[in-house]
Amino acid sequence: MDNQGVLAVISGFSGAGKGTLMRALLERYDNYALSISATTRAPREGEVDGREYFFKTREEFEQMIEHDELVEYAQYVGNYYGTPKEYVFSNLKAGKDVLLEIEIQGALKIKKKFPEAVLIFVTPPSAGELRNRLAGRGTETPEKIAARLSRAAEESKQMDDYDFILVNDEVDRCVEEMHALIQAMHARTENHKTLIEKIKEEMKQF
Ligand code: 5GP
């Protein structure tokens with residue numbers, strides 16, 4: 001549809017620096033709307049309900065599934081994560097570029113439902129770098145880190161299913177690349193159907 005925002009799905013291994021990238025993108029440009037997911041995971045220190053996530057009990061989350069309130073949802077290391085519908089659709093309609101920072105199963109569900117969505121995968125330059133970043137964050141127990149690394153190993157098998165890969169070795173450059181990529185999506189033919197028809201019609205006079 002013309003003038004509709006771009007639906008951009010950003011995935012990457014836990015610890016790839018997606019959070020920092022998203023914050024920088026939102027600070028620099030005002031055309032983005034970052035969807036806030038619902039999750040059954042417990043809040044980390046400093047996380048606020050309604051800011052990082054909508055924190056839900058399993059019962060509440062399963063109610064949301066039943067009432068068809070989610071665009072997609074998935075399980076990740078023992079917890080549910082899902083994208084509430086209303087925010088995504090109202091912002092796309094208003095012409096905002098909507099960012100979904102979600103894991104791989106959810107991303108592939110989105111691509112199936114909305115083929116026009118752009119799927120971007122963020123990775124550190126190497127696996128060793130990922131381990132160092134996760135350990136350095138200090139927010140997770142060694143068991144949780146191990147679970148996240150093992151999940152990352154699984155996820156790496158599906159990197160090929162994404163439209164674009166961004167190497168996050170330098171935040172500033174990575175943010176600009178992500179912005180350029182998403183903005184380029186506005187030029188796609190399917191976003192200009194009305195304009196194309198109008199020009200075709202006007203051309204008939206020649
Ligand atoms: P974390 O616990 O580190 O905040 O998130 C764990 C994983 O869940 C991350 O890969 C994150 O991108 C993903 N995630 C966050 N929200 C959603 C969501 O709404 N749907 C899906 N499928 N994954 C999500």
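Both counts, for ligands and for their atoms, begin at 1 and track the order of listing.
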Pairs meeting criterion salt bridge (Lys or Arg N to Asp or Glu O under 4.0 Å) with involvement of residues 66-91, two or more places apart: D68-K85
Close residues, ligand 1: non-hydrogen atom nearer than 4.0 Å: K18, S37, R41, R44, Y53, E72, A74, Y76, Y81, G82, T83, E101, I102, E103, G106, R148
Distance-only polar pair, side chains of T83 and Y73, donor-acceptor under 3.5 Å: no
Non-neighbouring partners of R58 that pass side chain to side chain contact (heavy atoms under 4.5 Å, CB included), sequence neighbours left out: T40, E62, Q75, Y80
Salt bridge (Lys or Arg N to Asp or Glu O under 4.0 Å) pairs, two or more places apart, involving residues 173-182: R28-E176, D169-R173, R173-E177
Distance-only side-chain donor-acceptor flag, Q183 / D97, under 3.5 Å: yes
R133 side, atom CZ; S14 side, atom OG - distance, nearest 0.5 Å: 11.5 Å
